[in-house]
Structures are given as structure tokens and as C-alpha cells.
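Both counts, for ligands and for their atoms, begin at 1 and track the order of listing. The chain is numbered in sequence order, starting from 1.
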Amino acid sequence: MSAMARCVPMNAVDSLLVRAAHRRPVPRTPVWFMRQAGRSLPEYRAVRAGIGMLDACARPDLVTEITLQPVRRHGVDAAILFSDIVVPLKAVGVDLDIKPGVGPVLAEPVRTAQDVAAIRPLVAEDIGFIDEAVRLLVGELGGTPLIGFAGAPFTLASYLIEGGPSRDHARTKAMMHGDPALWSTLLDRLAQIALAFLRVQVAAGASAVQLFDSWAGALSAADYRRFVGPHSATVLAGVADLGVPRIHFGVGTGELLDQIGAVGADVVGVDWRVPLDEASRRIGPDRAVQGNLDPALLLADWPVVDREVRRVLAEGRDAPGHIFNLGHGVLPVTDPDMLTRVVELVHTASAR
Ligand code: CP3
């Protein structure tokens, strides 16, 4: 599919983000923030007042406004679609809600073969509101690329099996090891859903995608290799023909970094625990890196933030491509002016 057919402005295709992701030279390091649209912004809280998270995600006008807010305010080099990893699950009929301060919560957890069989495939018609929001956004964004995203099969499975957020992912691991056939069936279904969700976003004009396997760091390298990596590989291989860069991210994945890259990413997202130069050595020369300022440090005084941003940039220079980001999402208590200053500093300090 050509960029023209997708109606993406050519400058979005040739943006700093896309170039850095493909390990091509850039005049300065591109920067965006996971969870850049959200509760750190007063304009977000104003627009969201009285509207539930999943209701907001289903309204293309609100999705467009909320996605654009951090681009306007901070001058970041990419927008990320305002949505959630559980939106495609809701769209195929899983009874769930997103509880403020908690996260996704299911009415009935998925535990049996019958529960798994009830999860049907996602078709484009289920998410017309996503197609519409992405098209509206691409029209507004001009040369700024839009990042589409999906939750990876393991992270989605954890919410489904646990019935909500979990610290230890105990029931998830119990199914993985106790009933590998059922596990594989569930992850296959989730991979197809994630893949369909990404393809709709790219067809509508997204210039890059990020696969969030946020909780993969809970796994041993052996479990990741056997039970998880192959299903994430299905998702990433399934969008390869679209030609957009694929970013693959998880938290606490220091011991998995080589595998996170090897299952089929152009860019590996790294949390704050491993410095980017070391992370890049673990990942290898064929992939760019994204990260990795600790989001907690944005609560420190500016001299600390200034020093740490410069350190991340210096460590990122050793990688074959670097997209500046946080090591995980923006914390709601973050002063948004701090984010704007970080963008300015990344832009000036990385200029070559
Ligand atoms: O700015 C962006 O990054 C784009 C939007 C985005 C949201 N969720 C919006 C959101 C993205 C990419 C996600 C992905 C997501 N959702 C992940 C993977 C990223 C990560 O953080 O690791 C996960 C694990 C989820 C599940 C989820 N949804 C959680 C843990 C929460 C937070 C619960 C809370 O209130 O603390 C949500 C809700 C959610 N998703 C919010 C936002 C802005 C907060 C809801 C609100 O503002 O009322």
C-alpha cells in the first residue's frame, strides 16, 4: 500500500520519527511521550469531565481533540492515538470498563475453554470510530506523524484472565503452564485482534505503530520465548507489508531486550532500568531504540531533569537510531511545563 493511497502527507512519511525508526540520519532526535495525552494536562481533564474513558475513545471528535492537545502544547514530534489497549476487546463484545485510577476491569474473567471460544475476531466494521478518528487526525496533523498502537497478546491476556490489573499475573502464568493448548488458542485470538486493530489504524493513515507488551517484564526469558514471543511475532509480521515502522515496548524487560527486538520490531522501547547504550548492545545493530527517561524524575527540579535528559541523549548516540521518550507513561502528577521544557531541550541539545 503506497503512502499516497493511504493519504498520509509525504512529510509525515519522511518525518524525523520515521527516519530515526528506520535508522536513517536525522538532524536532531525526535521526541514524544507515552501517555502524553492524559491527566497531566488541564485541557484534557476539562474535555473529559463527565465522560467515561471508553465513551471518550468511541467519539472521533474527542479522540481528535485529545490526541492533538500534547502536540499543540509541547511541540512533540509525534502524536499517539488517544485510545486504549482494551478498546478492540470491548469492540468484540468483552464486557469490560476502565475504572479511573485502577485500569481495565472485566465483568467476568476469561478462564475456561468456553470463555476463550467466545472471543470472536475483530473486523474493521467493529471500529469505524477508530478509522474516522485517524482520518480526522491525519488531516489535522500535517507533517507530524501519528502513531497507532495495540496491546500485545500477553498483556491483553493478563487483563482478561486476571479480570483486572495484577501485580503477579498468577492466574495468567497458571494457564500458560497448566493448559498450554488453551493458552495458545487465547493468544492466537488476541494476536489476530491486535493485528486487525493495527491494520485499521495504518490503513486510515497512521505513520508508525507501537505494540505495548507492558507487563512482559513479569516473565522469565524461557517463558517469554515459548509462550509469548511467537504470538507477538504474529502481530508484528502481520503489519510488515504496510511498510510503517514497528515499535515494540515493555516495562522491566532488561533480560528480554534481545527477544523483544528479535520477534520483529524496527524499534525497541526501553524502560529506565537499562541505559540505552547497554540496551542497544543487547538488542543488536539492526534496531533503533526508544526511551528512556524515568518518568518519576520529571517531578525533580529542572537541573536534575536537564542533566538526565542530556545523559539519555548521550547514551542514545551509541544506538543506530534513537527516539527520545520516557521509560514508561507520563505520571498524572507531572507538571506539563516540565514536558514542554524536555521537548525544547531534546531539540536543541541533540541538534547535529
Ligand atoms: O497518550 C497515550 O499514550 C495514548 C493513549 C493511551 C492510553 N492507554 C490512554 C489512557 C495508550 C497508548 C494506552 C495504552 C494502555 N492502556 C496500556 C499500555 C501502555 C502502558 O501504560 O503500559 C495499558 C497497560 C493500558 C491499560 C490501562 N488503561 C491502564 C493501566 C490505565 C490507567 C488507569 C488509571 O486511571 O490510572 C488505563 C486508562 C487510561 N488509558 C487512561 C488514559 C489517558 C486514564 C483514564 C482517564 O484519564 O480517565
Side-chain angles (χ1 to χ4, degrees), residues 31-58 62-71 73-74 76 78-90 94 96-106 130 133-134 137 146-160 162-167 169 172 190 194 197-198 201 206 208-218 232 247-253 260 269-272 290-292 295 323 325-334 336 339:
V31 49
W32 68 282
F33 305 112
M34 293 184 277
R35 291 280 169 91
Q36 61 189 16
R39 283 173 296 179
S40 69
L41 301 184
E43 59 268 37
Y44 170 80
R45 295 193 294 265
V47 170
R48 273 287 317 281
I51 305 175
M53 174 67 188
L54 288 169
D55 292 333
C57 291
L62 284 183
V63 171
T64 304
E65 167 57 22
I66 294 171
T67 302
L68 291 173
Q69 284 175 348
V71 180
R73 182 192 263 264
H74 305 306
V76 280
I80 179 157
L81 181 71
F82 178 78
S83 191
D84 196 85
I85 58 169
V86 298
V87 164
L89 300 178
K90 169 105 178 160
V94 177
L96 60 83
D97 199 3
I98 295 181
K99 295 234 154 68
V102 177
V105 179
L106 272 80
I130 294 281
V134 171
L137 273 164
L146 177 70
I147 301 170
F149 72 90
F154 169 73
T155 291
L156 293 177
S158 172
Y159 282 110
L160 291 181
E162 306 293 338
S166 166
R167 196 175 280 278
H169 310 276
T172 309
L190 296 174
F197 190 49
L198 291 178
Q201 295 171 69
V209 293
Q210 177 155 325
L211 188 64
F212 281 96
D213 209 354
S214 299
W215 312 139
S232 295
I247 309 166
H248 192 187
F249 168 78
V251 183
T253 55
I260 299 266
V270 181
D271 80 3
W272 61 89
Q290 175 175 279
N292 69 347
I323 298 164
N325 206 313
L326 305 178
H328 199 184
V330 174
L331 299 168
V333 291
T334 307
L339 292 168

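Heavy atoms of G329 come nearer than 4.0 angstrom to ligand 1 in no pair at all.
Nearest to atom 11 (C) of ligand 1 among the protein's heavy atoms is F149 CZ, 3.7 Å. From the protein, the heavy atom lying nearest to atom 35 (O) of ligand 1 is G101 N, 2.7 Å. The protein heavy atom nearest to atom 14 (C) of ligand 1 is I85 CG2, 3.7 Å. Nearest protein neighbour of atom 9 (C) of ligand 1, counting heavy atoms only, is S83 O, 3.2 Å. Nearest protein heavy-atom neighbour of atom 4 (C) of ligand 1: L81 O, 3.5 Å. Protein heavy atom at the shortest distance from atom 37 (C) of ligand 1 is D84 OD1, 3.6 Å. At the shortest separation from atom 22 (O) of ligand 1 among protein heavy atoms lies S214 OG, 2.4 Å. Residue, atom and distance of the protein heavy atom nearest to atom 47 (O) of ligand 1 are Y44 OH, 2.6 Å.
Without hydrogens or angle criteria, T67 side chain to F82 main chain gives a donor-acceptor distance under 3.5 Å. Checking side-chain atoms of S214 against main-chain N and O of G250 turns up no donor-acceptor pair under 3.5 Å. The closest donor-acceptor contact from the side chain of N292 to the backbone of L326 lies at 3.5 Å or more, if one exists at all. Checking side-chain atoms of H169 against main-chain N and O of S158 turns up no donor-acceptor pair under 3.5 Å. The backbone N or O of M34 sits less than 3.5 Å from a side-chain atom of N325, completing a donor-acceptor pair. Looking at T334, its side chain does come within 3.5 Å of a backbone N or O of L331 through a donor-acceptor pair.
The W215 neighbourhood of ligand 1 comprises atoms 24 (C), with distances under 4.0 Å to a heavy atom of that residue. For ligand 1, the atoms sitting less than 4.0 Å from at least one non-hydrogen atom of Q36 are 1 (O), numbered in the order shown with element in parentheses. Counting the atoms of ligand 1 from 1 in the order shown, those under 4.0 Å from a heavy atom of F82 are 43 (C). Which parts of ligand 1 touch F212 is read off a 4.0 Å heavy-atom cut-off, strictly below it: atoms 12 (C), 18 (C), 19 (C).
The side-chain contact (heavy atoms from CB on, under 4.5 Å) test with P332 is passed by exactly one of R39, R45, R35: R39.
For the residue pair Q36 and Q69, no side-chain donor N or O sits within less than 3.5 Å of a side-chain acceptor on the partner.
Under 4.0 angstrom from ligand 1, there are no non-hydrogen atoms of P70. In F33, neither the side chain nor the backbone holds a heavy atom less than 4.0 Å from any atom of ligand 1. At a 4.0 Å heavy-atom cut-off, ligand 1 touches M34 through the backbone alone.
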### Task
Start with the C-alpha distance between L146 and V134, add both sets of side-chain angles, then the distance that settles side chain to side chain contact (heavy atoms under 4.5 Å, CB included), and finish with yes or no.
CA-CA 8 Å; L146 177 70; V134 171; 3.8 Å; yes
I would like to know whether L190 and L160 meet side chain to side chain contact (heavy atoms under 4.5 Å, CB included); could you show each step before the answer? CA-CA 10 Å; L190 296 174; L160 291 181; 3.7 Å; yes
I'd like to know whether Q290 forms a side chain to side chain contact (heavy atoms under 4.5 Å, CB included) with Q210, so could you lay out the CA-CA distance, the side-chain angles of the two residues, the decisive distance to 0.1 Å, and finally the verdict. CA-CA 11 Å; Q290 175 175 279; Q210 177 155 325; 3.0 Å; yes
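Counting heavy atoms only, H328 comes closest to atom 20 (C) of ligand 1 of the residues H328, K99, M53. In the candidate list R35, R45, R48, R39, R39 is nearest to atom 34 (C) of ligand 1, counting heavy atoms.
By the 3.5 Å distance cut-off applied to N or O atoms, F249 is not counted among the residues near ligand 1.
Contact check for L156 versus L89: side-chain heavy atoms found under the 4.5 Å cut-off.
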